[in-house]
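What follows is a set of notes on a single structure, which appears directly below.
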Amino acid sequence: MDASQISSQCEEQCPQLSTTMASPVMDDDIPGSSEPRVEATPQPPSSSPKRKRDESSDSEDDLAELLEPDPQPVWSVETLCGLRMRLKRHRVSTVRPEHHKVFTKLLEDPVVKKFLTWDKMLRVSDKYLLSMVIAYFSRAGLFSWQYRPIHFFLALYLANDMEEDNQAPKQDIFYFLYGKNYAQRSMFHKLRFQFIRSMGWRIWVSREECEEIQAYNPDLWVWARDRTNLT
């Protein structure tokens with residue numbers, strides 16, 4: 001079986017997020033330095049959800065096959081005194097090494113790298129929001145080789161939507177990617193809805209999980225993006 005047949009077979013198994021990223025396009029109308037824009041392949045129309053799901057989703061056999069059940073917590077004996085013992089609960093992380101690997105690889109993409117440099121004040125890409133990107137990658141059910149830069153921006157936008165009280169800064173993502181092209185913004189929201197569905201609507205990430213994700217590779221340069229260190 002050649003590479004094209006394998007790719008075709010995998011797309012049939014994971015139809016919910018078949019997207020591509022075009023090469024950066026420079027827009028002379030945007031003030032300041034020229035920014036890259038990203039175009040995504042159109043997808044079937046669907047409504048965009050808010051932070052909490054306000055409508056029930058249809059059960060899909062192909063989506064259910066991709067989603068893994070939540071791991072059961074592990075208990076260990078913390079203290080033992082006579083006939084009394086104290087148990088400590090350990091949360092089992094669902095993030096696999098390949099999810100960390102694909103995230104690290106996307107950090108080297110020219111568009112992603114330029115965006116992180118552009119967001120100097122960490123308005124939308126501090127270390128906790130970037131940790132949530134990895135968490136979302138682990139829940140989306142895609143193969144690691146299927147992730148593209150567009151998935152990075154979808155996950156980062158969703159992380160800001162979930163965690164930030166000020167919703168205005170996340171518009172910076174649109175401004176950077178598309179400039180004044182509002183048609184592309186509409187397509188982005190459609191892809192975001194598909195991304196949320198692929199995660200089975202599990203979009204809340206605890207601080208504990210974010211810190212565990214950072215601890216997996218503590219020397220990764222993006223974990224230095226801490227707002228508290230800004231003067």
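We use all heavy atoms of the structure for the numbers below, so side chains are in, but hydrogens, waters and symmetry mates are not.
For the atom pair CG of L230 and CG of L122, the computed distance is 5.0 Å after rounding to the nearest 0.5 Å. In this structure, CE in M132 is found 8.5 Å from CG in N160, a value given to the nearest 0.5 Å. Atom CG of L158 sits about 9.0 Å away from atom NZ of K170, to the nearest 0.5 Å. In this structure, the separation between OH on Y136 and CZ on F152 is 13.5 Å, given to the nearest 0.5 Å. Here the CZ-OG distance, from F103 to S144, works out to 15.0 Å after rounding to the nearest 0.5 Å. Here the NE2-CD1 distance, from H99 to I134, works out to 10.5 Å after rounding to the nearest 0.5 Å.
Side-chain contact between L220 and L107 is present, with at least one heavy-atom pair separated by less than 4.5 Å. A heavy-atom distance below 4.5 Å is not found between the side chains of F143 and E98. Put simply, the side chain of S131 does not reach to within 4.5 Å of the side chain of V205, judged on heavy atoms.
In terms of modelled atom types and a separation under 3.5 Å, the side chain of R139 and the main chain of I196 share no donor-acceptor contact. Between the H100 side chain and the P97 main chain, no donor and acceptor come within less than 3.5 Å of each other. For the pair S186 (side chain) and A183 (backbone), a donor-acceptor distance under 3.5 Å is absent. At distances below 3.5 Å, not a single donor-acceptor pair connects side-chain atoms of D126 with backbone N or O atoms of R227. Between the side chain of H151 and the backbone N or O of R148 there is at least one donor-acceptor pair closer than 3.5 Å. Side-chain atoms of R225 do not come within 3.5 Å of backbone N or O of L130 as any donor-acceptor pair.
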Residue pair L129, E163: steps toward the side chain to side chain contact (heavy atoms under 4.5 Å, CB included) verdict: CA-CA 8 Å; L129 295 172; E163 295 298 323; 4.1 Å; yes
Stepwise side chain to side chain contact (heavy atoms under 4.5 Å, CB included) test for Y157 and R192: CA-CA 8 Å; Y157 184 95; R192 180 175 65 93; 3.4 Å; yes
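Under a hydrophobic-cluster definition in which Ile, Leu, Val, Met, Phe, Trp and Tyr are linked whenever side-chain heavy atoms come within less than 4.5 Å, directly or via other members, W201 and L154 are assigned to the same cluster. V222 and Y216 fall into different hydrophobic clusters, defined by Ile, Leu, Val, Met, Phe, Trp and Tyr side-chain heavy atoms under 4.5 Å apart, directly or through other members.
No salt bridge links R202 with E209; every basic N to acidic carboxylate O contact stays at or beyond 4.0 Å.
The shortest non-hydrogen separation linking E211 to Y128 is OE2-OH, 3.5 Å. Taking both residues in full, the closest heavy atoms of Y147 and G141 are given as OH-N, 4.3 Å, listed atom of the first, atom of the second, then distance. Taking every heavy atom of both residues into account, V124 and P169 meet most closely at CG1-O, 3.2 Å.
A cation-pi contact, defined as under 6.0 Å to the ring centre and within 45° of the axis, links R185 to Y182.
Note: W118 and F176 have tilted aromatic rings, judged against thresholds of 30 and 60 degrees for the angle between ring planes.
Between F188 and F153, a ring centre-to-centre spacing not shorter than 6.0 Å is recorded.
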